[in-house]
Undergrad: 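So that we are looking at the same thing, I have put the structure below in structure tokens.
Computed from a prediction, not measured in an experiment: that's the story for all the values here. Only heavy atoms go into these numbers, but all of them, side chains included; no hydrogens, no water, no symmetry mates.
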Amino acid sequence: MTAGTRRCIVVSTLAEAFFYADHGFDDILYAYPLPFDKVARCADLSERLTLFHVLVDNITALEELKKWPLKRGKNWHVWLKLDCANGRAGVLHSEPAALQLALAISESPGVELTGVYSHCGNTYSCSGEEEIRAVAQKTTNFTLQFMEKLQANGIHCPRSSIGSTPSCSHPVPDMAQLSEVHPGNYVFYDAQQLMIGSCKLEDVAVRVITRVIGHYHHRNQMLVDCGWAALSLEGGGRLPTGYAIIEGHPDLKLLSMTQEHGRIEPISGKLDYEKFPLGSLLTLIPYHACATAMMHPVYFIHSDGVVVDTWTPTRGW
């Protein structure tokens, strides 16, 4: 993913940050509103690495950093989280408070305003490339306009970024004026990205293999050994095929799940049980790869059906 550079990556947990730091990565952005109970561990990484960045969207978080000056004269590298209509974290780009926070960061001793970060997660409500590009353009405009405000007010800030898999899958030309972009889900893609219009089916690189463990003729269903503990409950009711796409079988629907079981039935008509003998395998394409991947302690990496490697994900916080 990084073409061997081991630089300029984004993480959402400190567990991930420490994993990468322990394996030679530097210039790591912890792209999550600063949790106050983790300031000490953030300081550890800031002192170990050439560049470790934290994210803030309020003055109280900045005050917490100032209470913990770094050793050897190092500065905290701080990104301001901007809300450009996504409505999750961040200070609104249009509010005076955003500029006031940027000024407070830049004027604080031991602290540097390193970047401005905006996540255009509102692309997840889009349908098709045109809508995705419209949101990407708007987010880019808001971010670049804010960078111009900083410059006009004499506030130095060298880096700017937006991120989301849909927007980075269909970038607009003005995104080239940003210093970087930060997608995440694109590593796998999934059924949700397929529905949004980020990718094609052949781009999706994650599957969950499940086994048929029961036939129930009286209710026209079969049971598989994949429940929400292996797939997550995301996407229920959003796909015509239920909680997942059953690869090669568009006529089947993963209707419901308990912790370890899944119920599959035909979208219409009678289920042909001879096609799915007990013990046979089905391949599920999950609705949301991020949620599904978090459920599993190992990923089997394959090429043309041959397993060539296994990956152990970093879990927890």
Side-chain angles (χ1 to χ4, degrees), residues 1 12-13 15-16 19 124 165-166 169 183-216 219-267 271-317:
M1 295 294 113
S12 59
T13 69
E16 294 166 357
F19 170 83
Y124 279 76
T165 288
S169 298
N185 179 280
Y186 79 103
V187 174
F188 283 150
Y189 283 127
D190 51 32
Q192 182 184 34
Q193 298 291 343
L194 180 66
M195 290 179 66
I196 293 169
S198 301
C199 66
K200 298 177 182 178
L201 183 61
E202 55 265 31
D203 298 322
V204 181
V206 61
R207 304 287 190 276
V208 175
I209 308 299
T210 187
R211 196 176 301 274
V212 177
I213 59 172
H215 288 170
Y216 302 94
R219 62 175 193 254
N220 198 34
Q221 289 180 343
M222 57 184 172
L223 205 65
V224 292
D225 63 353
C226 177
W228 53 255
L231 199 65
S232 93
L233 283 171
E234 278 212 69
R238 298 182 187 179
L239 294 170
T241 53
Y243 286 92
I245 295 172
I246 304 174
E247 193 167 35
H249 300 286
D251 54 329
L252 294 181
K253 181 176 185 176
L254 180 56
L255 177 70
S256 64
M257 291 180 290
T258 56
Q259 183 171 343
E260 305 293 352
H261 307 86
R263 298 181 183 89
I264 291 179
E265 65 181 28
I267 291 176
L271 185 60
D272 185 353
Y273 291 96
E274 291 186 3
K275 287 184 179 179
F276 311 102
L278 294 177
S280 61
L281 300 177
L282 291 171
T283 303
L284 307 180
I285 300 175
Y287 179 78
H288 187 190
C290 304
T292 298
M294 283 295 292
M295 302 288 181
H296 296 269
V298 63
Y299 308 157
F300 294 94
I301 313 305
H302 69 91
S303 177
D304 295 325
V306 177
V307 174
V308 296
D309 201 359
T310 56
W311 293 351
T312 302
T314 299
R315 306 171 82 180
W317 291 269

Undergrad: Given T165 and Y124, is the side-chain contact (heavy atoms from CB on, under 4.5 Å) satisfied, shown in steps?
TA: CA-CA 9 Å; T165 288; Y124 279 76; 4.1 Å; yes
Undergrad: Going by side chain to side chain donor-acceptor pair (under 3.5 Å), name the pairs with one or both residues in residues 273-283, residues two or more places apart or in two chains.
TA: none
Undergrad: Using a 3.5 Å distance criterion without hydrogens, assess whether the side chain of S256 forms a donor-acceptor pair with backbone atoms of R263.
TA: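 It does not hold such a pair.
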Undergrad: If every non-hydrogen atom of V204 is compared with every non-hydrogen atom of C199, which pair is closest and at what distance?
TA: CG2-SG, 4.1 Å
Undergrad: Have a look at L271 and tell me which of D251, N220, I264 forms a side chain to side chain contact (heavy atoms under 4.5 Å, CB included) with it.
TA: N220
Undergrad: How many angstroms lie between atom CZ of F188 and atom SG of C290, to the nearest 0.5 angstrom?
TA: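 Going from CZ on F188 over to SG on C290, the span is 8.5 Å.
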Undergrad: Is a donor on one side and an acceptor on the other found under 3.5 Å between the side chain of T314 and the backbone of F19?
TA: no
Undergrad: Taking all atoms of both residues into account, what is the closest heavy-atom pair of A289 and N185, and its distance?
TA: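 Looking at all heavy atoms of both residues, the shortest contact is CB-ND2, 4.1 Å.
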Undergrad: Scan R219, K253, Q221 and name whichever one has a side chain to side chain donor-acceptor pair (under 3.5 Å) with E265.
TA: Q221
Undergrad: Would you name the heavy atoms of G305 and H302 that are closest together and state the gap between them?
TA: N-ND1, 3.5 Å
Undergrad: What pairs with E260 under side chain to side chain donor-acceptor pair (under 3.5 Å), at least two apart in sequence or on another chain?
TA: none
Undergrad: NE2 of H215: more than 12 outside heavy atoms within 6.0 angstrom?
TA: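 Yes, NE2 of H215 has more than 12 neighbouring heavy atoms, counting only those of other groups under 6.0 Å.
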Undergrad: Under 3.5 Å, side-chain donor or acceptor atoms of residues 222-249 against the rest of the protein: list the pairs with distances, not counting sequence neighbours.
TA:
unit_1 : atom_1 : unit_2 : atom_2 : d
D225   : OD1    : T210   : OG1    : 2.8
D225   : OD1    : R211   : N      : 2.7
S232   : OG     : E234   : N      : 3.2
E234   : OE1    : H288   : ND1    : 3.4
E234   : OE2    : H288   : ND1    : 2.6
R238   : NH1    : Y287   : OH     : 3.3
T241   : OG1    : A244   : O      : 2.7
E247   : OE1    : R207   : NE     : 3.0
E247   : OE2    : R207   : NE     : 3.3
E247   : OE2    : R207   : NH2    : 3.0

Undergrad: Using a 3.5 Å distance criterion without hydrogens, assess whether the side chain of D190 forms a donor-acceptor pair with backbone atoms of P286.
TA: no
Undergrad: Minimum heavy-atom separation for M295 to P297, with atom names?
TA: O-CD, 4.1 Å
Undergrad: Would you say the side chain of L194 lies within less than 4.5 Å of the side chain of Y189, judging by non-hydrogen atoms?
TA: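 With C-beta onward as the side chain, the pair stays apart.
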Undergrad: Side-chain contact test, heavy atoms from C-beta onward, threshold under 4.5 Å: evaluate it for T292 versus L284 and give yes or no.
TA: no
Undergrad: Closest approach of A15 and G316, non-hydrogen atoms and distance?
TA: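 Residues A15 and G316, closest heavy atoms: CB-O, 3.9 Å.
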